[in-house]
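The chain is numbered in sequence order, starting from 1. In each ligand, atom 1 is the first atom listed, and ligand 1 is the first ligand listed. Values reported hereafter were calculated over all heavy atoms of this structure, with side chains retained and with hydrogens, waters and symmetry mates removed.
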Amino acid sequence: YRDLIPEFDAFIKALERPHPSHLRVNTLKTTDKQLKERLSRYGCLLKPLSLDNAYSFYNLSTPGATLEYFLGHYHLQGLSSMLPPVVLEPREGELILDMCASPGSKTSQIAQLTANRAVIFANELNRKRLSILKFQLERLGVTSTIITSYQAQNFPTKMPDGSPLRFDRVLLDAPCTGEGRYRRIMRKDELKKMQEHSEKASQRMAVYQKQMILRGFDLLKRGGVLVYSTCTYSPYENEAVVDFLLKNRPEAELEPFSIKGIRLVEGVNYWKGMAFSRELLNTGRLYPHYVDSWGFFIARIRKN
Ligand SMILES: C[S@@+](CC[C@H](N)C(=O)[O-])C[C@H]1O[C@@H](n2cnc3c(N)ncnc32)[C@H](O)[C@@H]1O
């Protein structure tokens, strides 16, 4: 990716550092002030990140095993993984679909951003991951979700009575090759994935991502917003997927976005002999040497 990623040497250096510890305060259950106070009893320090309710934390050796964790006062989530729900801009009263939801980091964040006052379909295909999703939503006090288990690309477009099922907002945080998670200290499954990773794997993954993005877009109301995100760098899984949507759905328009305090790099409109629409420059790429977190790609699409 030397041709793709700016300041490539700094990028490689950033990968050699472990991912910092980040958490999101769950305002459905507590406040920033209360959590700070409670975690300080363990000697834990919270340092604010550039997003509301987001912190890096220090001196907490078992962050997934404290009383406050089990009470759902916070969620362990990397900063860049908190950005797609922010770009989605969910509002209270809306009907929202999270097409690939487990373990529920973004579903619960959407519930938090809408104070449990939207209706969120949280969809997850994998049975095992479905129980993790249920556990996390319950732990975090999320009471505004309907859990479903469809293949995202075949998510029903009609209600049982035959009326169309359409959403105000759709999040497609797609299954991907996960290159953005390659940093020093990885889980065993991530390490294995990295060792076996190939360009072909991205191309194979893109076949499903294209089916999913079409379905996600078709499930939108007119005027609705779809956010497509991955934690990978490959343009096959990112710009090429969004370009495929633009070519197949003329009503789709890429909207530019920015997030205060977050350095985004614009998407590419050319990769290995493939030319994409210029609109792809409106997508955002996150690199660990600019935002010290996972690598991510985010696109915000409006249905006209
Ligand atoms: C990137 S993860 C989602 C992470 C989640 N959005 C979060 O923030 O916690 C992608 C998820 O999609 C699920 N998945 C894979 N193929 C799917 C399909 N065809 N339909 C629905 N979900 C699928 C995977 O099991 C995985 O849980």
Side-chain angles (χ1 to χ4, degrees), residues 19 22-24 26 51 53-54 64 72 74-88 90 96-114 120-140 142 145-157 167 169-182 186-187 189-190 193-194 197 201-202 204-219 226-234 237-238 241 286 293-299:
H19 189 286
H22 291 164
L23 64 75
R24 167 169 56 84
N26 179 21
L51 209 66
N53 314 122
Y74 63 90
H75 186 60
L76 299 169
Q77 187 176 0
L79 174 64
S80 40
S81 155
M82 300 182 206
L83 302 178
V86 170
V87 175
L88 187 68
I96 298 166
L97 170 63
D98 185 350
M99 297 185 89
C100 298
S102 189
S105 303
K106 299 184 188 70
T107 310
S108 55
Q109 193 185 345
I110 294 169
Q112 171 167 338
L113 290 169
T114 52
I120 309 165
F121 279 60
N123 183 68
E124 168 60 45
L125 181 65
N126 182 306
R127 290 276 146 171
K128 270 195 203 141
R129 290 176 64 86
L130 201 58
S131 45
I132 303 171
L133 173 66
K134 283 185 203 159
F135 168 76
Q136 292 293 356
L137 295 182
E138 194 168 334
R139 179 180 72 83
L140 293 163
V142 174
T145 49
I146 295 167
I147 296 180
T148 57
S149 187
Y150 292 101
Q151 275 195 320
Q153 58 273 46
N154 293 321
F155 194 89
T157 54
F167 294 87
R169 298 185 198 251
V170 173
L171 173 65
L172 173 52
D173 185 39
C176 68
T177 54
E179 296 162 333
R181 297 183 67 90
Y182 299 166
M186 291 190 285
R187 292 198 322 254
D189 58 324
E190 288 168 347
K193 220 168 145 187
M194 187 189 91
H197 185 61
S202 289
R204 272 198 303 272
M205 198 58 102
V207 174
Y208 300 106
Q209 292 160 336
K210 285 175 181 167
Q211 294 170 356
M212 289 182 200
I213 202 170
L214 277 190
R215 178 53 59 104
F217 185 78
D218 291 343
L219 283 161
L226 166 77
V227 167
Y228 176 76
S229 58
T230 71
C231 58
T232 213
Y233 302 116
S234 171
E237 299 179 65
N238 294 324
V241 172
L286 282 148
S293 183
W294 309 119
F296 249 81
F297 171 85
I298 308 176

Below 3.5 Å, N or O to N or O, backbone or side chain included: is there any such pair between Asp98 and ligand 1? no
Is there a polar contact between ligand 1 and Glu124, counting only N or O atoms under 3.5 Å apart? yes
Report yes or no: does Glu237 contribute a side-chain atom to a donor-acceptor pair with the main-chain N or O of Gln209 at less than 3.5 Å? no
At what distance is the nearest protein heavy atom to atom 8 (O) of ligand 1, and which residue and atom is it? Lys106 NZ, 2.9 Å
Contacting atoms of ligand 1, where contact means under 4.0 angstrom from a heavy atom of Ala152: 18 (C), 19 (N), 20 (N), 21 (C)
Quick look: Tyr150 vs ligand 1, heavy-atom contacts under 4.0 Å, and the answer is backbone
Supply the atom-to-atom distance Ile110 CD1 to Leu171 CG, rounded to the nearest 0.5 angstrom. 5.0 Å
Ignoring hydrogens, what is the shortest heavy-atom contact between Ile147 and Leu130? Give both atom names and the distance. CG2-CD1, 3.8 Å
Set of side chain to side chain donor-acceptor pair (under 3.5 Å) partners for Arg24, sequence neighbours left out: Gln77, Ser108, Gln112
Is it the case that ligand 1 has an N or O less than 3.5 angstrom from some N or O of Gly104? yes
In ligand 1, the atoms that come under 4.0 Å of a heavy atom of Gln151 are 20 (N)
Does ligand 1 come near enough to Asn123 that some N or O of the ligand is less than 3.5 Å from an N or O of the residue? no
For the side chain of Gln109 and the backbone of Pro85, is there at least one donor-acceptor N/O pair under 3.5 Å apart? no
Nearest protein heavy atom to atom 6 (N) of ligand 1, by residue and atom, and its distance? Asp173 OD2, 2.8 Å
Filtering Cys100, Ala122, Pro103, Gly178 for the heavy atom nearest atom 12 (O) of ligand 1 leaves Cys100
Side chain to side chain, Phe155 and Asn123, heavy atoms closer than 4.5 Å: yes
Determine whether any heavy atom of Gln136 lies closer than 4.0 Å to an atom of ligand 1. no
Please confirm whether Asn126 comes within less than 3.5 Å of ligand 1 when only nitrogen or oxygen atoms on both sides are compared. no
Treating Thr145 as the side-chain partner and Ile120 as the backbone partner, does any N or O pair qualify as donor plus acceptor under 3.5 Å? no
List ligand 1 atoms under 4.0 Å from Gln153, heavy atoms only on the residue side. 18 (C), 19 (N)
Once you restrict to heavy atoms under 4.0 Å, what part of Arg129 touches ligand 1? Side chain, backbone, both or neither. side chain
Ligand 1-proximal atoms of Ala174, by part, heavy-atom distance under 4.0 Å: backbone
I'd like to know if the side chain of Ser149 reaches the main chain of Glu124, judged simply by a donor and an acceptor atom lying under 3.5 Å from each other, with no hydrogens or angles considered. yes
Heavy-atom distances under 4.0 Å are what count here, so tell me which part of Ala101 touches ligand 1: side chain, backbone, both or neither. backbone
Under the ring-ring contact (aromatic ring centres under 6.0 Å, His included) test, residues paired with Tyr74 that sit two or more places apart: Tyr69
Taking all non-hydrogen atoms of both residues, which atom of Pro103 and which atom of Arg129 are closest, and how far apart? CD-NH2, 3.5 Å
Protein heavy atom at shortest distance from atom 23 (C) of ligand 1: Leu125 CB, 3.8 Å
Closest protein heavy atom to atom 2 (S) of ligand 1, given as residue, atom name and distance to 0.1 Å: Ser102 O, 3.9 Å
Under a 4.0 Å heavy-atom limit, does Met99 contact ligand 1 with its side chain, its backbone, both, or neither? backbone
Taking His75's backbone N and O only, do any of them form a donor-acceptor pair with Asn26's side chain (distance below 3.5 Å, no angle check)? no
Measure from the side-chain N and O atoms of Thr114 to the backbone N and O of Pro90, and report whether any donor-acceptor pair falls under 3.5 Å. no
Just need the protein heavy atom nearest to atom 16 (N) of ligand 1, so name the residue and atom and give the distance. Pro175 CG, 3.7 Å
